[in-house]
Amino acid sequence: MLILCRIRCLHFGHGIRQLHQCTTMASCCRKFSSIIHILVIFLLVSSSICPVFSSEPHNLRGRNQTFRPEKELKKLKIIRQRLNEINKPAVKTIQSPDGDIIDCVLLHHQPAFDHPQLKGQRPLDPPERPRDYGAEGMVMGAEEEPVQLWRMSGETCPEGTIPMRRTREEDMLRASSVRRFGRKPRRRVRRDSTSNGHEHAVGYVNGQEYYGARGSLNVWAPHVSNPYEFSLSQLWVISGSFAHDLNTIEAGWQVSPELYGDNYPRFFTYWTNDAYETTGCYNLLCSGFVQTNNRIAIGAAISPMSSYHGGQFDITLLVWKDPKHGNWWLEFGSGVLVGYWPSCLFTHLRDHATMVQFGGEIVNSRAGGFHTSTAMGSGHFSGEGFGKASYFRNLQVVDWDNNLIPLPNLRLLADHPNCYDIRGGINGVWGHYFYYGGPGRNVRCP
């Protein structure tokens, strides 16, 4: 009787007042245990928070209205545990114009030193930079190098700290998998074809031993048509077979609504030592990459951006292996050291890379059975050239003696040239270069 009475109130009442009135109407309700009373109130409160923590896509919610409080509470617990692991105590907080919160975290408190092989360590001093015997060409018509939005106010993090983009609950709720938040999807990786909807237009070299790579790429904000797709431009330093032992180091810019909640191009890093299965992550979302710089926030938005038939803004990225300690260092822009990937994170990359790759990548989910309209680079084909197409220029690799040298035998590959294409060249100003990209779905790419 009590259960029936309270269920009726739960369905037709709108608060504790109705629940109380229902209990008064049936005197027999008072004879039951107060345990049932507590249980029903728990269900009432749980049902009120259900919409807040639901992870189902909006278009699927109508198909399944079943609320499973135990599952939602377990998910919330996992999210809070992950947030405690990722976010570290801040000595200063900076509000970015794009809505990001940047926490200034002490160097030795960063996530890297949660790694079992790095616990108790401190960041290393800068290594010897690769020798460059060639002059890097300036970009015709290019503007000054972009900066990050969070620094527009003039505020910076103090010496002895690093700027960390704060991860929030809503970031994790957007993820297709909370447990794999901050990681690329598991996928069978092949160098010469698509894999699980990932499509590429890249230039690459292989067949020798490589100890780093450098290139300059212009920054765009390509259209991404699906929240679970992304568009990026980056360099890869690769070793191992294209199976479960693949090692990669990656850096560039990306637009990823799922990861960041917006369509800004953002500076990012990535690493894995098992082909994206269980190791590695984006940015500082797990232990691994050691940041040493207090002016660059990995995962923060880049500004300004290139515009079609307008100003072109590019960034220069350099990754190289420290000859003394064997760690892989990252430089952003004109001599700004960001940090390093410790050699202990890797298997094959402890020695050297066997492949270096530059270019663009998108995810094609084929929503509605059609190719995605997510753009790569500027969203225009390579044939349109400077000021309209996206590019990589001044491409180099680092040799065994820590020298930057021109690319030997650069090869070009586009998985779907009717959707995204690539064409390259070489001259005295840009050295080895290529244009790449495209709009995705079009009359030749249905």
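By the side-chain contact (heavy atoms from CB on, under 4.5 Å) test, N427 pairs with V429, W430, Y433, sequence neighbours left out. Partners of S176 by side-chain hydrogen bond (donor to acceptor under 3.5 Å, both in side chains), not counting sequence neighbours, listed by chain and number: E258. In this view, R295 satisfies the side-chain hydrogen bond (donor to acceptor under 3.5 Å, both in side chains) rule with no residue, not counting sequence neighbours. Residues passing the side-chain contact (heavy atoms from CB on, under 4.5 Å) test with N442 are F381, P439, R444, C445, sequence neighbours excluded. Applying the side-chain contact (heavy atoms from CB on, under 4.5 Å) rule to S96 yields the partners D98, D100, L149, W150; only residues at least two apart in sequence or on another chain are considered. With sequence neighbours excluded, the residues that form a side-chain contact (heavy atoms from CB on, under 4.5 Å) with S382 are D421, R423, Y435.
Proximity of F332 to L317: side-chain heavy atoms (C-beta onward) are separated by under 4.5 Å at one or more points. No side-chain heavy atom of N247 sits under 4.5 Å from any side-chain heavy atom of T272. Residues L330 and L318 form no side-chain contact, since every pair of their non-hydrogen atoms from C-beta on lies 4.5 Å or further apart. At a threshold of 4.5 Å between non-hydrogen side-chain atoms, the residues I302 and Y264 do not count as touching. I238 places a side-chain heavy atom less than 4.5 Å from the side chain of L246. Side-chain contact check for F268 versus Y282: some heavy-atom pair is nearer than 4.5 Å.
A donor-acceptor contact closer than 3.5 angstrom links the side chains of H348 and D245. Under the 3.5 Å distance criterion, with hydrogens and angles disregarded, a donor-acceptor pair is assigned to the side chains of Y211 and E209.
Residue pairs meeting the ring pair (Phe, Tyr, Trp, His ring centres under 6.0 Å) criterion with at least one partner in residues 287-312, sequence neighbours excluded, are F289-W341, Y308-H380. Counting only residues at least two apart or on different chains, no disulfide (SG to SG under 2.5 Å) pair has a member in residues 330-360. Counting only residues at least two apart or in different chains, disulfide (SG to SG under 2.5 Å) contacts with residues 283-339 comprise C281-C286. Among residue pairs with one or both ends in residues 345-407, none qualify as disulfide (SG to SG under 2.5 Å); sequence neighbours excluded.
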Under 3.5 Å, which donor-acceptor pairs do the side chains of residues 119-128 form with other protein atoms, sequence neighbours left out?
unit_1 : atom_1 : unit_2 : atom_2 : d
Q121   : NE2    : Q117   : O      : 2.9
R122   : NH1    : H108   : ND1    : 3.3
E128   : OE2    : R131   : NH1    : 3.0

N/O donor to acceptor pairs below 3.5 angstrom from side-chain atoms of residues 151-164, sequence neighbours left out:
unit_1 : atom_1 : unit_2 : atom_2 : d
S153   : OG     : E155   : N      : 3.4
T161   : OG1    : P158   : O      : 2.6

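Classification of R129 and E331 as a salt-bridged pair holds, one side-chain N sitting under 4.0 Å from a carboxylate O. A salt bridge is absent between K321 and D351; no separation between the charged side-chain nitrogens and carboxylate oxygens falls under 4.0 Å. R165 has no carboxylate O lying under 4.0 Å from a charged side-chain N of D103, or vice versa, which leaves the two without a salt bridge.
Exactly one residue among F358, Y391, F392 makes a ring pair (Phe, Tyr, Trp, His ring centres under 6.0 Å) with Y436. That residue is F392. With V398 as the partner, the side-chain contact (heavy atoms from CB on, under 4.5 Å) test is satisfied by one option alone out of V356, N403, L404: L404.
Of all heavy-atom pairs spanning N409 and V205, the tightest one is O-CG1, 3.8 Å.
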Practice task
Could you go through the side-chain contact (heavy atoms from CB on, under 4.5 Å) check for L284 and I86 one step at a time?
Solution key: CA-CA 8 Å; L284 302 180; I86 296 169; over 6 Å; no

